Amino acid sequence: MLQTSDHYTVNGDTLSIVKAISSDQDYYWCRGQRDERPQSSYFSAGYIDVKALPISTLTVTPDSPVFTGETVNMTCVIESYSDWRYEWYKDSTNVSEHYSVNRDTLTIRGVEKADAGQFTCKGLRDGRPNSSQSSSAVYLTVMDLPPSTLTVTPDSPVFTGETVNMTCVIESYSDWRYEWDKDSTKVSEHYTVNRDTLSIRGVKKSDAGQFTCKGLRDGRPNSSQSSSAVSLSVTDLKPKPELTSDPAGAALTGNTVTLTCRMDLSTGWDFYWYKHTPNSETKTETNSYRVNIDSVSDGGQYWCRAGRGKPVYYTQFGDALWVNVTVSPKAVVTVQPDERVFRGETVTLRCDIKWGGDTEWTYRWEIEGKIDYQYKNSVSQISTQEWNISSVDHVHSGKYTCTGQKNTQCSQRSDAVTLNVSAGAQAAVRVSPQPWLTEGDSVTLICEVTGSSTGWTFSWFRDDDHLSDSSRGAGGSYTLSPAALQHTGVYTCRAERGRPAYYTNYSNTQPLWITGVSPSVSLVVSPSRSQHFSSESLSLRCKDQSNSTGWTVRRYTDRNTEDCSKQTGSTCRIVSLSTSDTGVYWCQSESGEKCHPLNITVH
């Protein structure tokens, strides 16, 4: 017995099957029942045959994807029964009234991307069955037509007489034919066309306008989009460039001059350069040209012009530019106080450039020297004319050169000056003609700095006292003429130079002995010899032929001048000699007169 449900409903003597399905196909029985006699009727049997609704099939022409602007036909095919009416759905919405429908076909003319979506169809009719099944969904994909790009060479504006090439570029699909429009009018037949390129030879002002292109082909898609419009401007004024140079003034040999051919024009130009005569030609892709100024002959007149296209369209020549060339001056390096200097001195290097103009130079110093026992080249950060080294050291030894620069021009490099840095300077003294002389003779003491002779001033000392009578000195010489007895003594010297002053070490000692014509005092040594030995005793006595009082024995040892330490009257006695007693001994009066010096050497 069937149970009533949403699918089966009973109303009195009627059983209803809601939305019958194939499984409902079967035999069905029924009978009546009542409370009185007879209480039931016989069963009655019936067979229900359930068939599926007719199938709908949706076909689309042309195949998806379709391209914007195409006409799309959708046909709903129901092969059983007839007299169908058709409904069309896009994304589950009835769109039958939005498109053109002719019986079983829906047509979309000039399809747009908004028409893309899921399409279905089904049939309706007055008899049974009164509808078909809905078709399977068909997705309509709509794509843009391939884009076209119009390129123009040379860049606009162009000049009358040039050749203009327009190229229509379509990157997808192949076998294109091309159409060209100028101001919305087809012009393909008015110009030379070679496949994707339209050429305008000897362009005129009347050729100016808005140009577009598009492609056509036999297959799908059968056309491209029209390109964006490109404006072609044509001018009949032939351009004239301006030629300039950097530097603008006189060029120096050994440098370069950059010529610039200036034009307020679009890109795509080559530049042509001429020297002395327009018959010689050099071509560059940029508007600048570097000229190497090796000699004065590289100066003279220069011209330029620009050109582009095939055949080449040339601008006018720019006005001639005269490049003046002057021989580059050579820098000269000088060193103060000298190329041979000593550790601790102040050194000044100066770069001089003889140049007639008022040009402000900047300077570049280079050093080739030995650093960490390896020869290296370096460029100093100093850019001034003078370079001061306040306390020179061995690391500053090397070859120094300089160049001057004004704007982009450089002088010739100077010859190298070699700076030699030595250890502390040593003064040395010598005497001419001899250190032993008679009063009234002339003698000259000469002070020299070992290995150096430039820029020194000298100071003289006698018995460690500074001699202020500088009028006797000339350079490194100290002259006594005539020599007097009081000039006897031990002389040393020292040199200085620079600011602040740099001093040498003190020189060696140089005794100078002046005796009278008939000396009244003599130094008597006992034992009487010039060489003695340590631990021996020595006696020295001042012997005056008339009176020996008032005389003392003095000595100079290791640069110290002193009285004899063990002295009684005019006699000096050294009980036990030592090597420190080596020196010069003499007799000296209370008035400072010195007589009879002797060298005593203790071994």
Side-chain angles (χ1 to χ4, degrees), residues 338 425-497 501 503-525 530 540 542-546 548 550-563 582-601:
D338 192 13
Q426 178 63 55
V429 66
R430 58 188 174 88
V431 64
S432 178
Q434 60 186 13
W436 311 95
L437 62 155
T438 303
E439 63 179 330
D441 292 342
S442 294
V443 66
T444 299
L445 295 161
I446 301 165
C447 189
E448 297 171 319
V449 179
T450 304
S452 178
S453 60
T454 303
W456 298 100
T457 58
F458 298 88
S459 298
W460 291 91
F461 303 85
R462 181 171 65 224
D463 301 336
D464 291 333
D465 295 326
H466 183 261
L467 297 174
S468 60
D469 53 345
S470 57
S471 60
R472 293 183 180 274
S477 299
Y478 186 79
T479 301
L480 298 171
S481 180
L485 295 176
Q486 65 268 24
H487 294 145
T488 296
V490 178
Y491 287 77
T492 56
C493 70
R494 184 177 68 170
E496 66 176 270
R497 68 180 177 186
Y503 295 96
T504 68
N505 296 322
Y506 283 92
S507 71
N508 58 301
T509 60
Q510 176 60 61
L512 191 63
W513 310 111
I514 297 95
T515 59
V517 177
S518 298
S520 59
V521 176
S522 62
L523 181 62
V524 179
V525 179
S530 61
L540 301 101
C542 292
K543 182 180 178 182
D544 190 343
Q545 295 177 3
S546 59
S548 61
W551 294 87
T552 59
V553 178
R554 302 203 77 199
R555 69 178 183 177
Y556 181 88
T557 60
D558 195 20
R559 291 189 47 212
N560 291 317
T561 301
E562 61 189 4
D563 291 340
T582 296
V584 179
Y585 291 75
W586 68 90
C587 292
Q588 184 166 324
S589 68
E590 292 177 350
S591 64
E593 182 182 357
K594 299 173 183 177
C595 296
H596 208 123
L598 293 175
N599 273 326
I600 302 295
T601 303

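Predicted model only: the values in this text are computed from it and were never measured.
- To the nearest 0.5 Å, the span separating OG on Ser481 from NE2 on His487 amounts to 10.5 Å.
- Remark: Arg494 is positioned above the aromatic ring of Tyr503, its terminal NZ or CZ atom under 6.0 angstrom from the ring centre and at most 45 degrees off the axis.
- From Ser452, atom OG reaches atom CG of Asp338 across 5.0 Å, with rounding to the nearest 0.5 Å.
- Counting heavy-atom neighbours within 6.0 Å of Glu590 CD, excluding the residue itself, gives a total of 12 or less.
- Taken to the nearest 0.5 Å, the CG atom of Leu523 stands 14.0 Å off from the CZ atom of Arg554.
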Verdict with reasoning, Thr582 to Thr601, per side chain to side chain donor-acceptor pair (under 3.5 Å): CA-CA 5 Å; Thr582 296; Thr601 303; 5.4 Å; no

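- Smallest separation of non-hydrogen atoms from Trp460 and Gly476: CZ2-O, 3.5 Å.
- The aromatic rings of Tyr478 and Tyr491 sit tilted, their planes meeting at an angle between 30° and 60°.
- Ser507 and Thr492 share no side-chain donor-acceptor pair at under 3.5 Å.
- In terms of heavy atoms, Ala427 sits closest to Thr504 at CB-OG1, 3.6 Å.
- In this structure a side-chain-to-backbone donor-acceptor pair under 3.5 Å is present from Arg497 to Thr454.
- Under the 30°/60° scheme for interplanar angles, the aromatic rings of Trp586 and Trp513 are found to be tilted.
- Between Cys587 and Ser522, the closest heavy-atom pair is SG-O, 4.1 Å.
- A search for side-chain hydrogen bond (donor to acceptor under 3.5 Å, both in side chains) contacts involving Asp463 returns Lys594, not counting sequence neighbours.
- If you take OG1 on Thr552 and CG on Asp563, they are separated by 5.0 Å, rounding to the nearest 0.5 Å.
- Residue pairs meeting the salt bridge (charged side-chain N to carboxylate O under 4.0 Å, His left out) criterion with at least one member in residues 442-451, sequence neighbours excluded: Arg430-Glu448.
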